[in-house]
Amino acid sequence: MTDQDVVDLLTAQHAKIRELLARLQAGPDAKQDLFTDLVRLLAVHESAEEEVVHPVAGRARFGADADIVQPRLAEENAAKRALADLYHLGVDHPEFDARLARFAAAVDEHATHEEAEEFPLLRAQFSSSQLKRMAGSVRAAEAVAPTRPHPHAGESAPANLLAGPPLALFDRTRDAVRDWRQQQDT
């Protein structure tokens with residue numbers, strides 16, 4: 001949807017993330033597949049936000065709300081670490097469900113903060129055409145973003161721009177090999 005602005009795009013992604021978390025917590029048969037989808041969506045989503053949205057929001061003039069970005073970056077860094085821990089733990093580990101529940105609550109709180117604080121201010125600060133162009137930039141960043149969390153790479157735009165492409169190449173190669181293996185097993 002090319003008419004979608006950045007706020008609508010990210011809000012729709014938040015809804016998809018919440019849906020995947022709810023389905024994953026419901027204990028489905030396809031737990032590993034759902035978790036793989038969640039990991040990919042979150043890694044790509046957060047990387048693009050850190051590269052495109054937060055730097056723009058940080059430079060905008062929001063008056064008393066000028067420091068709305070730093071808390072979001074801290075939340076995203078904590079989420080990357082927790083997601084990486086869940087990834088390494090594996091869906092079959094006895095502690096996975098309890099840790100996933102804590103992670104889901106933190107992700108929901110983070111998304112709620114963005115939707116209630118950062119997104120309305122972006123809408124107030126930028127024109128419709130600027131927000132639509134920003135959505136295009138987010139989509140471009142997502143196309144080359146890593147597909148797994150890399151918490152040690154950092155959460156800043158420069159860190160994502162520097163580390164993102166090689167990590168993305170590595171992740172996407174691993175994804176292709178995994179997909180090929182799964183096709184061979186069926």
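Residue indices begin at 1 and follow the sequence shown. Just so you know, these numbers use all the heavy atoms, side chains as well, and skip hydrogens, waters and symmetry mates.
Across every non-hydrogen atom of K31 and D97, the tightest pair is NZ-OD1, 2.5 Å. Pairing each heavy atom of P120 with each of E114, the nearest pair is CD-O, 4.1 Å. Nearest heavy atom pair, residue A57 against residue L122, reads CB-CD2, 3.9 Å. Among all heavy-atom pairs drawn from R99 and E95, the shortest one is NH2-OE1, 2.8 Å. Of all non-hydrogen atoms in P55 and E49, the two that sit nearest each other are CD-O, 3.9 Å. Residues V6 and V138 come closest through the heavy atom pair CG2-CG2, 3.7 Å.
Between M134 and V7, every side-chain heavy-atom pair lies at or beyond the 4.5 Å cut-off. Looking only at side-chain heavy atoms (C-beta outward), L21 and I17 come within less than 4.5 Å of each other. Contact annotation: the side chain of V56 never approaches that of Q130 to less than 4.5 Å [non-hydrogen atoms, C-beta and beyond]. In this structure the side chain of F103 never reaches within 4.5 angstrom of the side chain of L24, judged on heavy atoms.
Side-chain contact of Q13 with E142: a donor-acceptor pair under 3.5 Å is present, judged by distance alone.
Under the 3.5 Å distance criterion, the side-chain polar atoms of T36 are matched with a main-chain donor or acceptor of Q32.
Taken from NE2 in H93 to CG in L100, the straight-line distance is 14.0 Å, to the nearest 0.5 Å. Distance check, rounded to the nearest 0.5 Å: CG of L20 to CZ of R40 gives 12.5 Å. Between atom CG of residue L131 and atom CZ of residue R133 there is a gap of 9.5 Å, rounded to the nearest 0.5 Å. We find the NZ-CG distance between K16 and L38 to be 10.0 Å, quoted to the nearest 0.5 Å. Taking CG from L10 and CD from E115, the interatomic distance works out to 9.5 Å, rounded to the nearest 0.5 Å.
The aromatic rings of F96 and F35 sit perpendicular to each other, their planes meeting at more than 60°, with 30° as the lower class boundary.
D8 and K132 are not joined by a salt bridge, as no carboxylate oxygen comes within less than 4.0 angstrom of a charged side-chain nitrogen. Salt-bridge annotation for R72 and E117: present, with a side-chain N of the basic residue lying under 4.0 Å from a carboxylate O of the acidic one.
Of the options E50, E75, E46, a salt bridge (Lys or Arg N to Asp or Glu O under 4.0 Å) to K80 is made by E50 and by none of the others.
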message = Does T112 form a side-chain contact (heavy atoms from CB on, under 4.5 Å) with R18? I'd like the steps, not just the answer.
response = CA-CA 11 Å; T112 299; R18 287 176 171 126; 3.2 Å; yes
query = Can you list the steps and then say if E19 with R23 is a salt bridge (charged side-chain N to carboxylate O under 4.0 Å, His left out)?
reply = CA-CA 6 Å; E19 175 196 335; R23 289 176 57 201; 3.6 Å; yes
